[in-house]
Number of protein chains: 2
Amino acid sequence: MTVFEVLADPTRRRILELVAGQEQPAGWLAENFDMSGPAVSKHLRVLRDAGLVSVRQAGTQRLYRLDPGPLSEAEQWIATTTATWSANLDALEAHLDQTNP
Amino acid sequence: MTVFEVLADPTRRRILELVAGQEQPAGWLAENFDMSGPAVSKHLRVLRDAGLVSVRQAGTQRLYRLDPGPLSEAEQWIATTTATWSANLDALEAHLDQTNP
DNA sequence: ACCGAATATAACTTTAAAGCTATCTAACTA
DNA sequence: TAGTTAGATAGCTTTAAAGTTATATTCGGT
C-alpha cells in the first residue's frame, strides 16, 4: 500500500494527528472514533505496515507514535510536481515578457 | 472526494505529473496508460471535480493542465503534522538535555 | 496457575471504486 | 450536411477496502 493510499482514509489521517504530538495507547485512540475497536486496530495495522507509525509495548498496552519518514516521501512528490508546474509558469511569463516587452 | 483520496490512485498521480509541465490533450494522456480511453477519461473527470486540473477546449481536443491549489492543501496537512512531531521531538530533547546535562 | 484487561486477528458482509464495452455529443472537414 | 475524429457518459462487472461480531493472544496481578 502506497503512502497516498494510506493517507486517503480520514480515520487514518486523524490517527496520525493524534499520535504526532506524543505516543498514545491503542485503546485511547479507539475512543476517539465512532467505530469498533477492531476497526481502529486494523487501521493501526495498515499504518504500521506502511511505516507511518511505530509501536512500543508498555505493560499491557501498546503505545503508538508517528514515524514521519514516509510522510516526507509524499510531501516530496507534491513539492516536485508543484515545482514542475511553477517552473513552466515562469518560463511562460519569461516568454511573454520577451515577446511583449 | 478529498485531495488525498484523489491522489491515492497511481494513474491519477501520473496524469498530474504529465500535465504539470505543460497542458496536454486527453488523447495523448490516454496513450500513456495501458487501459481504455474511457477509463482515463473517468480519471480526468475525478481530477477536474477535485479542482486538480483545468481544461481548455482547443478545436476538437481538450487540453488539460495542472491546477496546484488543492495540492498545497495536502502539502499543508503533511507539513503541519510533521511539524507537530518535530516540535515534540525538540521538547523531548530539551528535556533530556536538562535532566542529563 | 488463573483471571481480567488491552489489543490483535479471523471470518464474513456491504459498498464503492476502477475497469470494460457500447453509445452519445461536439467540432472540424470535405 | 454527412462523415470523421476527439472525448465524455452510461450501464455493467469485478475487486478490494472498511466495517461488523466472534475468537485468539499476551501481559500483569492475585
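Computed from heavy atoms alone, side chains included, the values below leave out hydrogens, waters and symmetry copies. Chain identifiers are assigned alphabetically (A, B, ...) following the order of the sequence lines, protein sequences preceding nucleic acid strands; residue numbering begins at 1 within each chain.
One finds a side-chain N or O of S41(A) lying less than 4.0 angstrom from the OP1 or OP2 phosphate oxygen of dA8(C). Considering only side-chain N and O atoms, S36(B) lies under 4.0 angstrom from the phosphate OP1 or OP2 of dC20(C). Under 4.0 angstrom from either OP1 or OP2 of dA17(D) there lies no side-chain N or O belonging to H43(A). OP1 or OP2 of dA8(D) has not a single side-chain nitrogen or oxygen of R45(B) nearer than 4.0 Å.
For the pair K42(B) NZ and dT9(D) C1', the interatomic distance rounds to 10 Å; values are reported in whole Å. Taking atom CE on M1(A) and atom C1' on dT15(D), their separation rounds to 13 Å, with Å as the unit. In this entry the distance linking CZ of F33(A) with P of dT20(D) reads 13 Å, nearest Å. Rounded to a whole Å, the CD atom of Q61(B) is 15 Å from the C1' atom of dT29(C). The interatomic distance linking L47(B) (CG) with dA18(C) (P) rounds to 11 Å, in whole Å. In this entry the distance linking CG of L44(B) with P of dA18(C) reads 13 Å, nearest Å. Whole-Å rounding puts the L63(B) CG to dA8(D) P distance at 11 Å. Here the P atom of nucleotide dA6(D) and the CD atom of E31(B) are 10 Å apart, to the nearest Å.
Using a 4.0 Å heavy-atom cutoff across all strands shown, Y64(A) reaches sugar-phosphate atoms only and no base atom. P25(A) comes within 4.0 angstrom of sugar-phosphate atoms only, judged by non-hydrogen atoms across all strands, and of no base.
Between G37(B) and D34(A), the one whose closest nucleotide on DNA chain D sits nearer the 5' end is G37(B). For the pair Q57(A) and D9(A), both in contact range of DNA chain D, the more 5′-proximal nearest nucleotide belongs to D9(A).
By the 4.5 Å heavy-atom criterion applied to side chains, H43(A) and M35(A) are counted as neighbours. For the pair V46(B) and R12(B), the minimum side-chain heavy-atom distance is below 4.5 Å. F33(B) has its side chain within reach of I15(B): a pair of non-hydrogen atoms, C-beta onward, lies under 4.5 Å apart.
Looking at the side chain of T11(A), the nearest of the listed nucleotides dG7(D), dG19(D), dA8(C) is dG19(D). Looking at the side chain of A39(A), the nearest of the listed nucleotides dG19(D), dA8(D), dA6(C) is dG19(D). Closest to the side chain of M35(B), out of dA18(D), dA8(D), dG19(C), is dG19(C). In this structure, of dT21(D), dT7(C), dA18(D), it is dA18(D) that holds the atom nearest to the side chain of R12(A). Residue R48(B) places its side chain closer to dT9(D) than to any other of dG7(D), dA6(D), dT9(D).
With hydrogens and angles ignored, the 3.5 Å screen pairs no side-chain donor or acceptor of N88(B) with any backbone N or O of T84(B).
To the nearest 0.5 Å, the span separating CG on L71(A) from OG1 on T81(B) amounts to 6.5 Å. Here T11(A) contributes atom OG1 and L29(A) contributes atom CG; the two are 11.5 Å apart, rounded to the nearest 0.5 Å.
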